[in-house]
Amino acid sequence: MWSDIFYPENPKRREQLIRRSQELQDLMKNNFRATNQLIDAMNKYLSCSFEHIYLQESATLRENCDVIIGCIRKIQVEVERIDKELKEKLEPTLYENLRKLSLSSADFKAISKAFAIVCGIGSVGSTVLFGCLLKNGNILTNITGKFARIGAGALAGVVLTVVFLGIDMIVEAIIGKIEGDRLKADLEQYDRALQEFRPASEKYQDIITYVRVKIEFMHEKNISG
């Protein structure tokens with residue numbers, strides 16, 4: 001484009017904006033995937049009946065944020081319900097051991113019986129999954145807070161399929177200056193959003209991966225033991 005001759009930083013800024021937008025999109029996709037993995041685990045080990053959520057690339061960032069926030073809040077409500085009932089059925093020391101995930105074989109057996117009453121299913125997986133959710137209880141609150149801020153921010157109206165709006169072939173140099181200013185402002189918005197959203201998303205995904213690995217490890221250990 002002719003304006004690039006007068007404002008050579010514009011192509012670089014466009015590339016940077018494309019990369020930032022793609023990173024935000026990837027983080028969103030991975031958060032949806034992690035949430036669906038958590039849903040699968042809760043359905044399997046806690047007899048829940050949550051449905052998978054899906055990223056809508058034709059929807060805005062705010063609309064997708066609302067979808068995942070709504071799902072996580074439903075998960076939180078179920079966790080609170082199970083927690084309340086377990087607390088009533090377990091001895092205080094045993095309940096505290098569950099929260100710390102510091103459990104003996106006898107603890108697992110006693111807690112599994114309580115889970116069988118509360119959830120209709122009691123297993124090592126039930127105990128490990130719920131213990132991890134209790135131990136890392138703030139992770140769900142934290143990620144919903146980040147989604148809420150992203151969904152209310154300057155990028156909220158961006159449609160995920162739109163990596164970058166097409167630039168008209170305009171020859172006037174002044175238009176290149178306007179575009180350059182807009183590119184710079186958009187980049188700053190993406191950088192601010194990603195600076196907060198990236199670490200929260202990675203931690204959220206890591207914890208869910210850890211829970212799945214921990215369940216498999218404890219299950220194998222229980223079988224071999």
Side-chain angles (χ1 to χ4, degrees), residues 26-55 67-147 197-225:
D26 289 343
L27 286 172
M28 290 287 291
K29 286 180 178 179
N30 289 335
N31 284 327
F32 269 71
R33 180 172 177 269
T35 302
N36 285 332
Q37 290 175 337
L38 178 58
I39 283 172
D40 288 341
M42 292 187 71
N43 289 347
K44 180 177 181 179
Y45 296 110
L46 300 175
S47 293
C48 297
S49 56
F50 294 114
E51 295 183 355
H52 276 198
I53 55 174
Y54 299 94
L55 188 75
V67 168
I68 198 166
I69 288 171
C71 178
I72 293 177
R73 283 180 176 164
K74 288 178 182 177
I75 290 174
Q76 287 176 302
V77 168
E78 186 64 10
V79 169
E80 289 170 4
R81 180 194 70 80
I82 295 172
D83 184 36
K84 181 180 178 180
E85 293 188 28
L86 278 178
K87 198 178 292 186
E88 293 173 354
K89 290 177 171 54
L90 295 174
E91 293 293 331
T93 301
L94 191 56
Y95 176 78
E96 192 59 31
N97 289 345
L98 173 62
R99 289 188 65 88
K100 294 177 180 178
L101 273 182
S102 176
L103 302 166
S104 66
S105 297
D107 289 341
F108 270 108
K109 290 179 181 178
I111 292 173
S112 291
K113 289 180 181 178
F115 269 111
I117 297 170
V118 173
C119 300
I121 183 172
S123 67
V124 170
S126 306
T127 303
V128 173
L129 171 60
F130 200 76
C132 287
L133 288 173
L134 289 179
K135 189 175 182 180
N136 300 284
N138 65 330
I139 190 64
L140 295 178
T141 301
N142 187 39
I143 196 67
T144 52
K146 303 301 182 187
F147 272 110
F197 192 56
R198 185 189 297 113
S201 297
E202 291 172 351
K203 185 174 181 181
Y204 175 65
Q205 294 160 25
D206 287 347
I207 285 179
I208 292 175
T209 299
Y210 167 80
V211 170
R212 293 170 59 231
V213 171
K214 182 78 171 178
I215 289 173
E216 292 176 8
F217 172 75
M218 293 303 296
H219 181 69
E220 291 176 2
K221 181 180 178 180
N222 191 59
I223 291 175
S224 61

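All figures in this text were calculated on a predicted structure; none of them were measured in a lab.
Annotation: the span from N30 atom CG to S201 atom OG amounts to 8.5 Å, rounded to 0.5 Å.
Listed for the N43 side chain is a donor-acceptor partner under 3.5 Å among the backbone atoms of F50. Formation of a donor-acceptor pair under 3.5 Å by the N31 side chain with backbone atoms of Q205 is not found in this model. Counting only distance, with no hydrogens or angles, the side chain of S102 and the backbone of N97 share no donor-acceptor pair below 3.5 Å. Panel note: side chain N142, backbone N138; no donor-acceptor pair is recorded below 3.5 Å.
Two residues are said to be in side-chain contact when any heavy atoms from C-beta on lie closer than 4.5 Å; R33 and Q37 meet this criterion. Counting heavy atoms from C-beta on, the side chains of V211 and V128 never come closer than 4.5 Å. A 4.5 Å side-chain heavy-atom check between D40 and H52 finds at least one atom pair inside the cut-off. Looking at heavy atoms from C-beta onward, I82 lies in side-chain contact with C119 at the 4.5 angstrom threshold. Side-chain contact between R81 and V77: absent, with no pair of heavy atoms (C-beta onward) separated by less than 4.5 Å. Residues S123 and F115 are not in side-chain contact: their nearest non-hydrogen atoms beyond the backbone lie 4.5 Å or more apart. In this structure, the side chains of V67 and L55 stay at 4.5 Å or more apart for every pair of heavy atoms. Residues Y204 and I72 form a side-chain contact, since some pair of their non-hydrogen atoms from C-beta on lies under 4.5 Å apart.
For the residue pair T209/D206, the side-chain donor-acceptor check at 3.5 Å is not satisfied.
E88 CD: more than 12 foreign heavy atoms inside a 6.0 Å radius. A 6.0 Å sphere centred on NZ of K44 holds no more than 12 heavy atoms belonging to other residues, nucleotides or ligands.
The salt bridge (Lys or Arg N to Asp or Glu O under 4.0 Å) search around R99 returns none, not counting sequence neighbours. Partners of V79 according to the side-chain contact (heavy atoms from CB on, under 4.5 Å) rule, which considers only residues two or more places apart in sequence or in another chain, are M42, I75, F130, L133.
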Steps toward salt bridge (charged side-chain N to carboxylate O under 4.0 Å, His left out) verdict (E202, R198):
CA-CA 6 Å; E202 291 172 351; R198 185 189 297 113; 5.1 Å; no

